[in-house]
Amino acid sequence: MYTSRISGLGHYVPEHIVTNDDLSKIMDTSDTWIQERTGIKERRHIKEGDGNTTAIMGAKAARIALERANVSKNDIELIIFATLSPDMYFPGGGVQIQDILDMDTVPALDVRNQCSGFIYALSVADQYIKTGMYQNVLVIGSENHSGGLDMTTRGRSVSVIFGDGAGAAVVSRSTKEGQGILSTHLHSEGAHAEELVLMGPSMKNWVPAIIEENPTDNIPYFPYMNGKLVFKNAVTRFAEVINEGLQANKLSSSDIDMLIPHQANLRISQFIQNKFQLSDNQVFNNIQKYGNTTAASIPIALTEAWEQDKIKEGDLVVLAAFGSGFTWASAVMRW
Ligand code: UT7
C-alpha cells in the first residue's frame, strides 16, 4: 500500500498590487467596507504587458515546486490543473503548462471545481499514487480573475474580493509510514450552481446572445454571487468537511497543527477558527494580501505557511475549501 505526500510547494503572484483605495477610485467602495466585510487589504492583478496569463503563472509556481521537491520535470507522470479562469475555452490549461515547462507527453488533466479545485486535484493525485500507477504528480491551481471582473460599481460586491495568482505542489509517493495525505473528502451540491456563477460565454450562452437577451444591470458574462447564501453555506460546509476528515482519522480539532482554509473571506476563516477553538498559530490566512484566488488560494497559503516555518515534519495539516458548484472538500495530511 502506497501513500502520497507533498514533496514541494511553490507560488507566484503578479507584481502589480491593487489596494482597496485604488478600487475606490474606480468604483463606489471603500477600504473600510472591504476590510470590515472581508479582511482584504490588497490583491494582485495581472497588468497588461507583464506577460502573465493563467497558464504562465501556473507554470511559474510549478517550477518553484519542482525545484523544492528536487524532482525533475521529466519525473512528473501526470499534471493536474485546477482553474475557473482558463486562457482558452478549450483545450484546458493543463496542456499549456505541459508545453511551457517543456515536459514529455505526460497526461494533463483539467479540474473544474472552482474554490475546491486544488483539493479535488490533490485527491486525484493521491488516488493515482495510492494505486501505484504514478510516483510524482504535479498539481497546480492558477487564476486570472482580473481579466473577467466588472470593475465598476455595478460589479463591486464581487470584484473587490477576487485576486490573481498561482500555487503548485509536487505530490510524490511516500516511503515513510504514517506520513503524507491521510484522507481527502469531496462533496458537491449542484442545486446551488447558479448562486455563484459565470453564466457565459458558454455554448448555451454565446456572446452575441447574452448581450442581446440580457438587461445591462445583470450581465451574465461577469461573475454573479449570492453573497449571503454563499457565506451561510460556507460556514456550515467548512465545519462539516473538517469534522469529516478528523473523524475519518480518529482525530480531534485539538490535534490540528495547521488549518489552511480556502481564503474566501477572513470572517469565514475566523468563524471556523472559533468554532474549532483553534489558536492563531493553528490557522493560516493571507487573504489580506491576495484576496480570494479561488483554486490558487490553498496552494499559495500552504506555500507561504511552509516558507514561514509554520509547518514542520510530523505536523497535522488540514486543508478545507468551499465554493462555486457548490463544492466543498477537505484533506488531512501528516507532514
Ligand atoms: O470563494 C467562494 C466562496 N465565497 C464566499 O464565501 C463569499 C461569501 N460571501 C461574503 O463573503 C459576503 O456575502 C460579501 C463580503 C461578498 C458581502 O458581504 P455582505 O455583508 O453579504 O454584504 P451585502 O452583499 O449584503 O451588501 C451590503 C451592502 C449593500 O448595500 P445596501 O443594499 O445595504 O444599501 C451593497 O450594495 O453593501 C453594499 N456593497 C458594497 N458597498 C461598498 C456591496 N459591495 C460593496 C462594496 N463596497 N464593494
Side-chain angles (χ1 to χ4, degrees), residues 1-12 53-88 90-114 116-143 166-176 179-186 294-300 302-303 306 317 319 321 327 329-333 335:
M1 174 73 184
Y2 299 112
T3 57
S4 68
R5 70 181 183 98
I6 292 180
S7 57
L9 287 163
H11 81 286
Y12 173 82
T53 70
T54 301
I56 289 172
M57 289 191 296
K60 287 177 181 174
R63 278 197 192 101
I64 298 167
L66 285 164
E67 196 185 319
R68 287 174 173 170
N70 205 15
V71 167
S72 151
K73 62 181 184 179
N74 302 323
D75 293 329
I76 295 294
E77 297 156 288
L78 170 68
I79 300 164
I80 311 177
F81 182 49
T83 189
L84 63 66
S85 51
D87 296 332
M88 297 184 277
F90 72 80
V95 295
Q96 288 177 276
I97 290 181
Q98 180 258 344
D99 181 48
I100 296 166
L101 296 179
D102 193 22
M103 293 169 78
D104 201 0
T105 57
V106 292
L109 175 70
D110 292 276
V111 163
R112 285 287 315 268
N113 293 90
Q114 299 67 247
S116 309
F118 183 78
I119 300 182
Y120 268 69
L122 193 65
S123 167
V124 177
D126 182 41
Q127 305 313 310
Y128 272 118
I129 289 173
K130 272 185 184 152
T131 61
M133 177 137 176
Y134 296 132
Q135 292 196 44
N136 291 296
V137 179
L138 180 57
V139 178
I140 304 158
S142 180
E143 303 287 1
V170 177
V171 185
S172 302
R173 183 185 286 179
S174 174
T175 46
K176 255 194 190 169
Q179 186 193 42
I181 298 174
L182 304 180
S183 64
T184 54
H185 307 270
L186 314 179
T294 312
S297 101
I298 289 180
I300 293 175
L302 191 56
T303 304
W306 176 81
V317 179
L319 314 179
T327 60
S330 66
V332 181
M333 301 185 281
W335 206 258

Report, as yes or no, whether the 6.0 Å neighbourhood of atom CZ on Arg112 holds more than 12 heavy atoms from other residues, nucleotides or ligands.
-> no
How far apart are the closest heavy atoms of [X] and [Y], and which atoms are they?
X	Y	value
Ile129	Val171	CD1-O, 3.3 Å
Gly141	Ala296	O-CB, 3.5 Å
Ala331	Thr184	CB-CG2, 3.9 Å
Leu186	Ala329	CD2-CB, 3.7 Å
Ile140	Ala62	CD1-CB, 4.0 Å
Val111	Gly117	CG1-O, 3.7 Å

Euclidean distance, [Y] [atom2] relative to [X] [atom1], rounded to 0.5 Å:
X	Y	atom1	atom2	result
Asp104	Ile76	CG	CD1	12.0 Å
Met57	Glu143	CE	CD	8.0 Å
Leu101	Ile79	CG	CD1	6.5 Å
Met88	Thr53	CE	OG1	9.0 Å
Ile56	Ile100	CD1	CD1	5.0 Å
Ser142	Gln96	OG	CD	10.0 Å

Within a strict 4.5 Å, meaning less than it, do heavy atoms of the [X] and [Y] side chains meet?
X	Y	value
Tyr128	Pro107	no
Thr54	Pro86	no
Met333	Leu319	yes
Trp306	Arg68	yes

Under 3.5 Å donor-acceptor pairs involving side-chain atoms of residues 2-11, not counting sequence neighbours:
from	atom 1	to	atom 2	distance (Å)
Ser4	OG	Asp126	OD1	2.6
Ser7	OG	Val170	O	3.3
Ser7	OG	Ser172	OG	2.7

Is the side chain of [X] donor-acceptor paired with the backbone N or O of [Y] at a distance under 3.5 Å, no angle test?
X	Y	value
Ser123	Ile119	no
Asp87	Ala55	yes
Gln114	Leu84	no
Lys73	Asp102	yes

Given side chain to side chain contact (heavy atoms under 4.5 Å, CB included), test Leu122 with Phe118 step by step and report yes or no.
-> CA-CA 6 Å; Leu122 193 65; Phe118 183 78; 4.3 Å; yes
